[in-house]
Number of protein chains: 2
Amino acid sequence: MLSGYAMLPVVTNARERARTELTREIKDLARRHLAEHGAAGLSLRAVARDLGMVSSAVYRYFPSRDELLTALIIDAYDAVGAAAETAAAGVRRGDLLGRWLAATRAVREWAVAHPQEWALLFGSPVPGYAAPRDTVDPAARIPLLLLAVIADGTGDPAPLPPLPRQVRTDLAALRRQVGGTFSEPLLARAVMAWTHLVGCISFELFGHLVGSVTDYPAWFDLQVRALATSVGVSR
Amino acid sequence: MLSGYAMLPVVTNARERARTELTREIKDLARRHLAEHGAAGLSLRAVARDLGMVSSAVYRYFPSRDELLTALIIDAYDAVGAAAETAAAGVRRGDLLGRWLAATRAVREWAVAHPQEWALLFGSPVPGYAAPRDTVDPAARIPLLLLAVIADGTGDPAPLPPLPRQVRTDLAALRRQVGGTFSEPLLARAVMAWTHLVGCISFELFGHLVGSVTDYPAWFDLQVRALATSVGVSR
DNA sequence: TGCTGTCAAGAGCAGTGCTCTCGTCTGTTG
DNA sequence: CAACAGACGAGAGCACTGCTCTTGACAGCA
């Protein structure tokens, strides 16, 4: 029981190895089911059936369907975050607009490739399901990446109406959280840009632009370029 | 009953009356269930049970669960559209910013009061469920209302990067659809504002701002004021 | 008065999440 | 080495879902 737990549990027993392996297999298959039938259609029994197991056996690995969903959510946040980070890292540090475009485009492309997972992250929350604490760190990866680009920018956001007191308080707290020396209007514009970016992708994926927009990438490009300007990222 | 519509067959039999009445009752109760348990938890059987009926009887009125959802979606679009329209109509025509703020605030307030219905409209689409044609007219009410305000504005949108060819084509088609003499950048800014507005409300309702924002109305106000400027609506 | 179509009810099918029990097998410990 | 605690997969079962089919009662029309 307590073997090797003192140090790090790298003592992969055959059993432990089988367990982590099966856990991964379940998640992978669940992800495929999710992609095909959506979150609502994700059935533990169907996953178990496709795995040649019996449904009750899966409960040894995930205590509930929601736990499985949580695991998928965390994986998805990490996947889209990593995609954005590698895309941005592939651009010369001084090319701010290039980094901004690379990161935002990577987010959109990941979303287009994994629409159901995007819906899981940014669509309707499952009622009665509160996102557990473990999701907030992975969820913060993209906003933090965007802030890193903004931090290297001119620091000149598009003008804003005067900030209400409570908004300024929120922004001050936010600045303490993220570190850096962002001005309040700049930070406000950053939050707005993040809001708009997600809204933009969701609008496309959720079908609110069918009939109005034909060239989604071009539209997206236009919008994120405008957003770049609004947060002082140019050239 | 009295027939107000001359031509239309308003020959309400007792049977027809009972039918429309029961249809309304089912929808009302379904709406309440929706508000409590979300779209995923909307159970036809539960609605029937609360109505003192048997589940199969409900199928006489709505051929499937999805049809019921569609009816609720149309009603919701109409409700939020009407809320925005009456709010805007309560403001002097010349007070553009006032109309803009009234309309957008009304949308947010309706959403906050009916979060599950908002999620139904703007959250994750149900997979395998294509929004029927009947939903597009009600869905267009708010965008058209916002365009009506914009049409009375200065027509001076915030600057934009050069519009790609395909985007200009889309915008030209859109202008033909909505009528009016909007410039392409102005129309582009209008679409962006609508995107941002929905993203803004969804971010709040779907919990993506917990921990960062405390005063949601103030934050919302700031954003829609900035949006007003971006579409040439001021003072 | 009959005919026709509508209605609510009930049984039933296939599926779901989840729980509990029961042998089996495994890794660890005395 | 032997015994035991824990993990494991299988299976049955509960309460629930959407949906279908059949049945018998009733209302409106001719």
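Source: prediction; values computed, not measured. In what follows, every chain begins at residue 1, and chains take the letters A, B, ... in the order their sequences are listed.
Using a cutoff of 4.0 Å between basic side-chain nitrogens and carboxylate oxygens, B/Arg24 and B/Glu21 are scored as salt-bridged.
Side-chain atoms of B/Val54 lie closest to C/dA9 of the nucleotides D/dA10, C/dA9, D/dG9. The nucleotide whose nearest atom lies closest to any side-chain atom of A/Arg49 is, among D/dC19, D/dG9, C/dG15, C/dG15.
Contact check, B/Tyr61 against C/dA8: a side-chain N or O comes under 4.0 Å of OP1 or OP2. The shortest distance between the side-chain N/O atoms of A/Arg17 and the OP1/OP2 oxygens of C/dT26 is not below 4.0 Å. Side-chain N/O atoms of B/Tyr59 include none lying less than 4.0 angstrom from OP1 or OP2 on C/dA8.
Residue-level contact check: A/Leu68 touches neither bases nor backbone, having no heavy atom under 4.0 Å from any strand.
Comparing B/Arg60 and B/Ser64 along DNA chain D, the residue whose closest nucleotide (by nearest heavy atom) sits nearer the 5' end is B/Ser64. Map A/Leu44 and B/Arg19 each onto its nearest nucleotide of DNA chain C; the residue landing nearer the 5' end is B/Arg19.
Atom pair A/Met53:CE and D/dG11:C1' shows a separation of 14 Å (rounding to whole Å applied). If you take CD of A/Glu67 and C1' of C/dC18, they are 14 Å apart, rounded to a whole angstrom. We find that CG of B/Asp50 is positioned 11 Å from P of D/dT17, with the value rounded to whole Å. Atom-to-atom, CG of B/Asp66 to C1' of D/dC19 comes out at 12 Å; the value is rounded to the nearest Å. With rounding to whole Å, B/Leu51 atom CG is found 15 Å from C/dC7 atom P. Computed from coordinates, the A/Glu16 CD to D/dG6 P distance equals 16 Å when rounded to whole Å. Rounded to an integer number of Å, the gap from CD1 of B/Ile26 to P of D/dG18 is 13 Å. Note: CZ (B/Arg45) to P (C/dG12) measures 13 Å, nearest angstrom.
Contact annotation: the side chain of A/Val167 never approaches that of B/Asp215 to less than 4.5 Å [non-hydrogen atoms, C-beta and beyond]. Using a 4.5 Å heavy-atom threshold, the side chains of B/Trp100 and B/Ile150 count as touching. A/Arg105 has its side chain out of reach of A/Val224: every pair of non-hydrogen atoms, C-beta onward, lies at least 4.5 Å apart. B/Leu22 has its side chain out of reach of B/Arg60: every pair of non-hydrogen atoms, C-beta onward, lies at least 4.5 Å apart.
A donor-acceptor contact under 3.5 Å links the side chain of A/Ser56 to the base of D/dA10.
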